[in-house]
Amino acid sequence: MSLAERCALFTGKSATETRDFPAYGIDSLRMTDGPSGVRADLAEGAGSRSLCYPSACLLACSFDRDAARRTGQLLGRDGRARGVDLLLGPAVNLKRSPLCGRNFEYYSEDPCLTGEMAAAFVEGVQESTGACAKHFAANNRENKRMSVDCVVDKRTLRETYLSSFRRIVKKSPPDAVMTAYNRINGEFAGENAYTLEQVLRGDWAYDGLVVSDWGAVDDVVASVRRGMDLEMPGNSSAARKLERAVKRGDMTEERLTERAAEALRRADAVRARRCKADFDGEEALKALADIAAESAVLLKNEGELLPLRGAKRIGIFGELAVKPRIQGGGCANVATYETANIERAVRERFADCECVFSLGYAEGAEDGEALVREALETARTCDACVVAMGLPESYESEGYDRTDIEIPPEQTAFLRRLGEVNPRVAVLLYGGSMISLDFERYARAVVMCYLGGSATGLAAAKILSGDTPPAGRLAETFLYRKEDASCHPFSSPDSDVEVYGEGLFVGYKYYGAKGTAVRYPFGYGLNYGRAEYEDAEISEDSVRLTLVGDPRYDVRETVQIYVGFPDCGYARPIAELKEFRKVTVPRGERVTVEIPLGRDCFETYDAAADAMTVRGGRAVIGVRRNALEVVAEKTVVLEGEKGARYDRNTLIGELLKTRAGIRVIEEKLKGHLIRAILGNFRADILPMKDGRAIGHDRFNSIMESMPLRALVNLTGGAFSEEEMEEIVDGLREGE
Ligand code: BGC
C-alpha cells in the first residue's frame, strides 16, 4: 500500500463504513448503533425498521447476567442478519449524575453492576456480531460533551470510571472500544496518554479496534500515536494530516506502517466474526417482553394491589398508555415497528375483564381539566386503576442534560385527584433515569418500568397480571431532591471543567457515608411475595446462604454482596457492590446458593504502583438486600498481595493489619516501642493482645502512627538500622 493508502486506513469511508481496498482484498466494515436495537435507518437508509430492545437502564435492574447475555444474543443475530459487522454498543458510562441526558443508555451508578452486565451483553452480541464498548471514558454528562474537561484523580478513575471497562475487557473483550468526546485531565479521551495509551493499550493489553466517537477527534496524529485505529465518520483531511506528519518527520514512516498493520489486523478480527445468522423478530419480541417485565422494579405495593387478581373492571389512564415511552433520543434511537401499546396489550391480556381507558392527562392538552374530569368519572366504578406516567420524550436525550428530576406537573395533579376518587391506583412509571417520586403517596403501587423498547406494552400486561412478575432492583439511587446527588456540589450544567470532587463516593457510596436520606436505595426492589435469608456462611472465598421461598409465589431474588475496606489507608465508601446473583426460589421451597468471591472483589488502588492490588487487612463482607439493608456481615482478614510494599516508613499500624505483622510487634518490637513511647525498656510492663497493649489506648494510638524508622532514632539505636532492615525484608518475603 502506498503511504497515502496506509494513512487512509485510519479513517472511515462514510458515516457507517470503513474504507475498502479491493486491490488488497480489504473489505469495508459496516457499523451502526447500537445498544437498544439495530439502527437500520442509519445502515440501510430511511424507512428501514427494527426491533427496539429494552434500554440498558432497564436491563441493568435485572441484576441478571443471563438476561443481559440473552438480550445481546438476540441483538447480535438481528444485526448480523442485516449485514452489520460492528454494533456500536454497549454504552457503559456510569450514571454519575441523575441529570445526564444519556442515562437511559447507561446501566448504573455502580461500576461492578455495569461491568458485569455489559460483559454478559457483549458475550451475547459477539456470538454473531462485533460489539463496541463506549464511551471510554468519563463521559458522564451531555452539556458541552465535546469540549468539557473532566478532572478526575487516578484512584477514582481506576476504581470507578475505568473499572467497568476493565471488567468487560477482562471477561469478554469486545471487538472495539469507542473513545469519548470529552477531555480527561486536560487531554481529549481519544488521544489521552493515561487512559488510552497507558491503561487500555498498556496495562490491560487491549488489542481490539479503538474507534473514535463520531466527530470526536481533535488531533488525529496524536490519536493514532496513542492507540486509536479509526477516526469516524470518514473524513479525507485526516489521512492528509497523517501523511503530512510523516513527511514532516513528526511520526516516522516505520511507526505509521506499524500502526496501520495493527489497525488492519484488528479490523480483520471483526470481519472474522462474519457468519450466517437467522433472526426471528416475533420470537425475539416475546423473549424481550419477559426480560423487560422481570427487570422492572416494584417500588411499592400496599395491600398487595398487584398483581391484579379478581378485578372485574380495570381503568387504564395516561397519555403514555397509548403513546408509550419506549426508548431514549439520540443515536440510540431506533426507527421501530408499530407494536402493542400499553392500553391495547393490557386489554388483550385481561380479555375476561372490562377494561376502560381515559386519558386523564396529555402533554400540551388544551383543556386539561376536561380530561381529568372525564377520567375521574371512569375511575369511580373501577376495581383497579392503572396509570402510565413518566418523563416525556423531550426530557431526556443524547446531546443535552435534564435540568431537574420532575415529571410534568399535570401528571402529578391528575394522579392526586384520581387517588381521591379511587384509592386502588397502580402507577407504571416510564423514563430512563431517576425520577422524583413525590407523587407516590397518591398510589398504592408503583412499578419503575424504565424504557422497555418494542415490548413495553406486552411487558406491562405481564407485570400487572403476574405472568412475569417484576423482579428488578434499582441500579441507581432514587433521591428526594436533585440537590442531594453525590456530584451536585461539584457539577454545574455549563461549566467547561467538571471536577469529580466526590471521588469514589458516587451514588449510594456517598449517601451511605454521608447518611443522606434517600427515597429508595440502590439495589432496592420488592417482589410479588418475599424470600427470606437464612444460614449465611461468609468467608473470603465464598458466601453460602439459604433462601426460604414464599408460600404463594415463585420469587426471583437478587442476592447482593457488598465489601468494605476499613483498613485500606484512605477514606472510602462503607460498602461497595462486588458480587450479585439472581436466584429462582420456587414457592414454598428452600434454595441454597453458593457464590464464589474472586480475588478481584478485594482489590483497591495502590497509588505507588498505579495499579489495582489486594492489600492486607480487614475486609467486611456483607450480604445485603439493597445498599442499606444488611442481612449478614462478617469481617475477614486478608493477606496482602505479593509486592505490596513494606519499607522503613511503614507504620506500626500497618503491621497490625496482618497476622505476620502482629507477630513482629509482639516478638520483636514490643520492648523498643515501650522505650520509644514511654522511655522505659521493660517489655513486661505492658501485656499485649493482638499486637496492642491491653488497656492502654493512648499508647496504642501513638504506636499506630509511628513509622519503623522512628524506632531507631527514639530508642537511641537500641533498635538498630540492621534489625529494622531484617524485619522489613522478612515482612516482604512473607507477603
Ligand atoms: C454517539 C455514539 C454513537 C455515534 C454514531 C455519537 O454521537 O455519541 O454513541 O455510536 O454517534 O451514531
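Count residues from 1 along the sequence.
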Enquirer: Between R648 and E721, does any NZ, NE, NH1 or NH2 come within less than 4.0 Å of an OD or OE carboxylate oxygen?
Expert: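 Salt bridge flag = yes for R648 with E721.
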Enquirer: Got a salt bridge between E629 and R624, using NZ or NE/NH1/NH2 to carboxylate O under 4.0 Å?
Expert: no
Enquirer: Taking ring pair (Phe, Tyr, Trp, His ring centres under 6.0 Å) as the cut-off, I'd like each qualifying pair that reaches into residues 167-203, sequence neighbours left out, listed once.
Expert: none
Enquirer: Evaluate K144 against D496 for salt bridge (Lys or Arg N to Asp or Glu O under 4.0 Å), listing each step before the verdict.
Expert: CA-CA 7 Å; K144 294 198 177 163; D496 299 319; 2.8 Å; yes
Enquirer: Atom CG in N139, atom CZ in R96: separation rounded to 0.5 Å?
Expert: 12.0 Å
Enquirer: Which atoms form the tightest heavy-atom contact between M146 and G215, and what is the distance?
Expert: CE-O, 4.0 Å
Enquirer: Is a side-chain donor or acceptor of T160 paired with a backbone partner of L157 at a separation under 3.5 angstrom?
Expert: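 Not a single qualifying donor-acceptor pair exists.
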Enquirer: Does the pair E654/K657 count as a salt bridge with the N-to-O cut at 4.0 Å?
Expert: yes
Enquirer: Name the residue from N93, T179, N182, N140 that meets the side-chain hydrogen bond (donor to acceptor under 3.5 Å, both in side chains) definition with H135.
Expert: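 Result: among N93, T179, N182, N140, N93 is the only option passing the side-chain hydrogen bond (donor to acceptor under 3.5 Å, both in side chains) with H135.
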Enquirer: Using a 3.5 Å distance criterion without hydrogens, assess whether the side chain of S701 forms a donor-acceptor pair with backbone atoms of D697.
Expert: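 Checking the backbone N and O of D697 against the side chain of S701, a donor-acceptor pair under 3.5 Å is found.
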Enquirer: Drop me the distance from D541's CG to I595's CD1, to the nearest 0.5 angstrom.
Expert: 14.0 Å
Enquirer: Taking all non-hydrogen atoms of both residues into account, name the closest pair between V499 and F490 and its distance.
Expert: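 Smallest heavy-atom distance, with atoms named: O-CB, 3.2 Å.
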Enquirer: If you measure from OG on S223 to CZ on R259, what distance do you get to the nearest 0.5 Å?
Expert: 10.0 Å
Enquirer: Centroid separation under 6.0 Å, is that true for the rings of Y500 and Y161?
Expert: yes
Enquirer: Taking CD in E726 as the centre, count heavy atoms belonging to other residues, nucleotides or ligands within less than 6.0 Å. Is the count above 12?
Expert: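 12 or below, so no.
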Enquirer: To the nearest 0.5 Å, how far apart are OG in S212 and CH2 in W214?
Expert: 6.5 Å
Enquirer: Could you walk me through whether Q198 and N192 satisfy the side-chain hydrogen bond (donor to acceptor under 3.5 Å, both in side chains) test, starting with their C-alpha distance in whole Å, then the side-chain angles of each, then the deciding distance to 0.1 Å, before giving a yes or no?
Expert: CA-CA 9 Å; Q198 182 179 327; N192 197 286; over 6 Å; no
Enquirer: Within the 3.5 Å criterion, strictly below it, is a donor on T613 or D606 matched to an acceptor on the partner's side chain?
Expert: no
Enquirer: Counting N and O atoms only, with roles assigned by atom type, does the side chain of E537 sit under 3.5 Å from a partner on the main chain of R544, one being a donor and the other an acceptor?
Expert: no
Enquirer: If you compare all heavy atoms of E502 against all heavy atoms of C487, which two are closest, and at what distance to 0.1 Å?
Expert: OE2-CB, 3.9 Å
Enquirer: Would you mind checking if E109 and K95 are paired as a salt bridge, meaning a charged N to carboxylate O distance below 4.0 Å?
Expert: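 Looking at E109 together with K95, the answer is no, because their closest N to O distance does not fall below 4.0 Å.
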Enquirer: Salt bridge or not between R266 and D229? Use side-chain N to carboxylate O under 4.0 Å.
Expert: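 Between D229 and R266 there is a salt bridge, with a charged N closer than 4.0 Å to a carboxylate O.
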Enquirer: Would you check if the side chain of S495 reaches a backbone N or O of V497 as a donor-acceptor pair within less than 3.5 Å?
Expert: yes
Enquirer: Just checking, any donor-acceptor pair under 3.5 angstrom between side chains of N649 and R709?
Expert: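 Per modelled atom types, N649 and R709 side chains form a pair under 3.5 Å.
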Enquirer: Scan R166, K154, R158, K170 and name whichever one has a salt bridge (charged side-chain N to carboxylate O under 4.0 Å, His left out) with D203.
Expert: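 Looking at R166, K154, R158, K170, the match for D203 under the salt bridge (charged side-chain N to carboxylate O under 4.0 Å, His left out) is R158.
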Enquirer: As an exercise, state the distance from CZ of R402 to OG of S397, rounded to the nearest 0.5 Å.
Expert: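 Separation between the atoms: 12.5 Å.
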Enquirer: Hey, can you pull the donor-acceptor pairs under 3.5 Å for the side chains in residues 110-119, sequence neighbours left out?
Expert:
from : atom 1 : to   : atom 2 : distance (Å)
D110 : OD1    : Y508 : OH     : 2.6
D110 : OD2    : C112 : N      : 2.8
D110 : OD2    : L113 : N      : 2.9
T114 : OG1    : D110 : O      : 2.8
E116 : OE1    : R65  : NE     : 3.0
E116 : OE1    : R65  : NH2    : 3.2
E116 : OE1    : K171 : NZ     : 3.2
E116 : OE2    : R167 : NH1    : 2.8
E116 : OE2    : K171 : NZ     : 2.7

Enquirer: Search all heavy atoms of Q560 against all heavy atoms of N626 and return the closest pair with its distance.
Expert: OE1-CA, 3.6 Å
Enquirer: Could you state the interatomic distance from CZ (R572) to CG (D567), rounded to the nearest 0.5 Å?
Expert: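 It comes to 12.0 Å.
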Enquirer: Test: ring pair (Phe, Tyr, Trp, His ring centres under 6.0 Å). Region: residues 594-638. Which pairs qualify, not counting sequence neighbours?
Expert: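 Qualifying pairs, neighbours excluded: none.
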Enquirer: Mark yes or no: R615 above the aromatic ring of F565, with NZ or CZ under 6.0 Å from the six-membered ring centre and no more than 45 degrees from the axis.
Expert: no
Enquirer: State, without any angle test, whether S491 and E498 hold a side-chain donor-acceptor pair at a distance under 3.5 Å.
Expert: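 Indeed, the side chains of S491 and E498 share at least one donor-acceptor pair under 3.5 Å.
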